[in-house]
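Position 1 is the first residue of the sequence; numbering continues from there. All ligand and atom numbering here is 1-based and tracks the order in the structure.
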Amino acid sequence: MDIDELASRILNCDRRALARAITLVESGREDHRAQAVALLDRLAGSGRQALRIGLSGTPGVGKSTFIESFGMMLTGQGLRVAVLAVDPSSARSGGSILGDKTRMERLARDPNAFIRPSPSQTALGGVARRTRDAVALCEAAGFDVVLIETVGVGQSETMVAEMADLFILLLAPAGGDELQGVKRGIMEMADIILVNKADGDLKSAAMRTCADYAGALHLLRRRPQDPDGFPKAMTVSAMQEEGLAKAWDEMTVLADWRREQGFFTARRAEQAQHWFDEEVRLGLLARLERDPAVKARMRELGSHVARGETSVSGAVAQMLAELSVGRDQN
Ligand code: GDP
């Protein structure tokens with residue numbers, strides 16, 4: 001594969017080249033990895049920056065419906081929109097629910113949009129790296145907005161929030177009057193909560209839910225990266241395409257404010273640092289796990305621990321001491 005050619009096609013906003021490049025960064029093969037790194041290095045200086053929007057919500061709240069109508073609204077304004085899906089459950093099932101081809105059909109046909117389903121069969125750490133690389137490729141390809149979609153399970157929100165400029169939580173109208181068991185940690189990450197399905201019979205429930213969340217957000221500690229009034233809760237109807245322009249206005253207001261105040265760049269720098277640390281840590285672990293001598297020694301010490309001959313702490317200290325001796329000798 002000619003990396004120079006691929007790079008220049010991506011810079012020319014060629015969607016097929018972009019799709020190919022994402023396949024390359026998703027590959028587990030070592031030679032592919034080297035090519036991917038060369039490509040990402042080549043593109044790093046493009047200077048192009050998209051607004052990265054993380055979007056989370058449990059299955060059924062209307063994420064695909066929202067992304068399709070929201071995405072179509074943005075492309076209608078002349079913006080180029082990329083959608084990346086992060087679905088950790090696909091790592092287990094081997095197939096991606098977010099990758100279903102029938103989702104977002106209209107948006108998928110839009111020449112100003114690009115939709116990429118979740119890579120399957122990878123650990124969350126692998127998904128994180130691949131998604132970050134894919135975001136970087138979409139930015140180099142000149143997309144204005146990159147939507148990173150995730151299902152509301154486990155650690156995937158934290159991961160997506162760590163690579164997004166804005167984090168949006170999509171909720172459905174609640175039947176009862178309690179706060180739907182949304183974890184506090186996830187609420188604290190949200191910049192904007194959108195209560196979807198505010199239409200027809202569900203409209204009044206949606207408005208009540210929205211008021212409840214607005215109240216709950218009000219009680220959270222004020223974050224320095226927020227102007228007055230944020231984080232906020234709003235209602236939308238993805239199906240009726242209502243409230244979408246208002247939601248986009250709020251996102252733009254927030255992003256612009258953060259840019260002006262320096263939070264935007266500072267946050268990206270922090271995120272880059274975080275991912276660097278994380279990748280080095282993962283890389284070191286992977287290297288250790290590939291080393292047969294280390295593996296054998298770990299098994300050996302592990303069985304001592306299992307038989308109660310050594311304490312866990314003692315065996316760990318021993319293992320780490322041996323590893324640093326090994327490193328000093330290399
Ligand atoms: P996802 O699993 O989060 O991607 O949710 P989907 O977009 O597939 O939507 C789940 C269901 O909710 C579908 O039956 C949609 O038609 C419905 N839905 C999505 N958005 C709305 C909306 O704004 N109003 C109403 N009434 N239903 C909606």
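Annotation for ligand 1: atoms under 4.0 Å from non-hydrogen atoms of Asp199 are 22 (C), 23 (O), 24 (N), 25 (C), 26 (N). In summary, the atoms of ligand 1 found under 4.0 Å from a heavy atom of Pro59, numbered by their order in the structure, are 2 (O).
Contact record, Val25 with Ala36: CG1-CB, 3.9 Å, taken as the closest heavy-atom pair.
Below 3.5 Å of separation, one finds no N or O of Gln240 facing any N or O of ligand 1. Residue Ala238 has at least one nitrogen or oxygen atom sitting less than 3.5 Å from a nitrogen or oxygen atom of ligand 1, judged on distance alone. Remark: ligand 1 and Ala198 share no N or O pair separated by less than 3.5 Å (distance only, no angle test). For the pair Leu202 and ligand 1, the shortest N or O to N or O distance does not fall below 3.5 Å. Annotation: Glu149 places no N or O atom under 3.5 Å from an N or O atom of ligand 1; distance criterion only.
Looking at Lys63, its side chain does come within 3.5 Å of a backbone N or O of Gly57 through a donor-acceptor pair. With Glu157 contributing its side chain and Thr150 its backbone, the two residues share no donor-acceptor pair below 3.5 Å. Listed for the Glu26 side chain is no donor-acceptor partner under 3.5 Å among the backbone atoms of Arg130. Panel note: side chain Arg258, backbone Gln225; a donor-acceptor pair is recorded below 3.5 Å.
Note on ligand 1: Gly57 sits outside its first shell, no heavy atom being nearer than 4.0 Å. Using a 4.0 Å cutoff on heavy atoms, Gly60 counts as a contact of ligand 1.
Residue-level proximity to ligand 1 for Thr65 is carried by backbone and side chain together, each with a heavy atom below 4.0 angstrom.
The salt bridge (charged side-chain N to carboxylate O under 4.0 Å, His left out) search around Arg299 returns none, not counting sequence neighbours.
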- I would like to know whether Arg48 and Asp144 meet salt bridge (Lys or Arg N to Asp or Glu O under 4.0 Å); could you show each step before the answer? CA-CA 9 Å; Arg48 291 177 175 165; Asp144 303 294; over 6 Å; no
Would you be so kind as to tabulate the donor-acceptor pairs closer than 3.5 Å made by side chains of residues 234-245, with sequence neighbours excluded?
unit_1 : atom_1 : unit_2 : atom_2 : d
Ser237 : OG     : Asp199 : OD2    : 2.6
Ser237 : OG     : Gln240 : N      : 2.9

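Proximity annotation for atom 9 (O) of ligand 1: of Gly243, Gly62, Ala85, Gly62 comes nearest, heavy atoms only.
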